[in-house]
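Throughout, protein chains are lettered first and strands after them, A, B, ... in sequence-line order, and every chain is numbered starting at 1.
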Amino acid sequence: MNINIKFFAAAKEVAGKEEMQFSLPSSSTASSLLDLLVEQFPGLQEWKQYVRVAVNQEYVSLDYALNENDEVAIIPPVSGG
Amino acid sequence: MIEIVSEKIDITKILQSVEDNSAGGIDMFIGTTRDNSKGKSVLRLEYEAYIPMALKKMNEIAGEAKTRWNIKKISLVHRIGKVEIGEASIVIAVSSPHRKEAFEACRYAIDTLKKIVPIWKKEFFEDGEVWVDAREEKILS
């Protein structure tokens, strides 16, 4: 399946891009996506334990099952205010 | 009024947005940008947002505040992009019949925004730049 990934802040700088299309095996989870992203962008390793994943603009847990065309955002620790 | 803006925040407009004849008071929190961080001079700041999700979360915070406290109106406005030192980056205003609710709801709104709204602050120093990690700020504060 294909999903759309958005990177923000530190994750965007590590990935070197704001967004990308990504192909995943069906039945992939947010956790397995993070593993694949770290393979592609090794710099994400140090962020992996801190980032949150949002799917279609809602935070999800790491065992969340992704679906075709999901908008998946990689959210480093936030610092608004 | 729930907005993310890239220009200077119009504080008077936000104040007017929560005015209500049945309210006995308005509480306003204005977050401004500091010229220092962990002992280093900060030259300027930039904010980035995942705008649609940030607006969604800000709306949820406003809704939750209205559920928990007897308030009349609440506005949250966050600025993104380049922000000069000393300028407002976040303004929250709450009107309520009695002051206690306005203070509590306003405090809840800023504390929750800092935890869940996908907005990031980058500090620029003379010798580099860093994305601020609010978890570290929490440890230091």
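Residues K122(B) and E13(A) form a side-chain contact, since some pair of their non-hydrogen atoms from C-beta on lies under 4.5 Å apart.
Contact annotation for E58(A): both backbone and side-chain heavy atoms come within less than 4.5 Å of a heavy atom of chain B. Neither the backbone nor the side chain of E46(B) comes within less than 4.5 Å of any heavy atom of chain A. With a 4.5 angstrom heavy-atom cutoff, Y47(B) touches chain A only via side-chain atoms.
Of all the heavy atoms in L113(B) and G80(A), the pair that sits closest is CD2-C, 4.1 Å. Here the closest non-hydrogen pair linking I116(B) and Y59(A) is O-OH, 2.5 Å. Here the closest non-hydrogen pair linking P77(A) and D133(B) is CB-OD1, 3.4 Å.
Formation of a donor-acceptor pair under 3.5 Å by the W120(B) side chain with backbone atoms of F8(A) is not found in this model. At least one donor-acceptor pair under 3.5 Å links the side chain of K56(B) to the backbone N or O of Q57(A).
Hydrophobic cluster membership is shared by M20(A) and I74(A), with clusters built from Ile, Leu, Val, Met, Phe, Trp and Tyr side chains linked at under 4.5 angstrom. Using a 4.5 Å cut-off between side-chain heavy atoms of Ile, Leu, Val, Met, Phe, Trp and Tyr, with links allowed through other members, I4(B) and I2(B) fall into the same hydrophobic cluster. L45(B) and F124(B) are members of different hydrophobic clusters when ILVMFWY side chains are connected at heavy-atom separations under 4.5 Å.
Counting heavy-atom neighbours within 6.0 Å of K100(B) NZ, excluding the residue itself, gives a total of 12 or less. Applying the 6.0 Å contact sphere to CD of E7(B) captures no more than 12 heavy atoms from other residues, nucleotides or ligands. In R99(B), the CZ atom is not crowded: 12 or fewer heavy atoms of neighbouring residues, nucleotides or ligands sit closer than 6.0 Å. Within 6.0 Å of the CZ atom in R107(B), the count of heavy atoms belonging to other residues, nucleotides or ligands does not exceed 12. In D127(B), the CG atom is crowded: over 12 heavy atoms of neighbouring residues, nucleotides or ligands sit closer than 6.0 Å.
Between the OG atom in S79(A) and the CD atom in E48(B) there is a gap of 9.5 Å [rounded to 0.5 Å]. Interatomic distance, Y50(B) OH to F7(A) CZ, rounded to the nearest 0.5 Å: 12.5 Å.
Chain A forms more heavy-atom pairs under 4.5 Å with one residue of A49(B), S89(B), P52(B) than with any other, namely P52(B).
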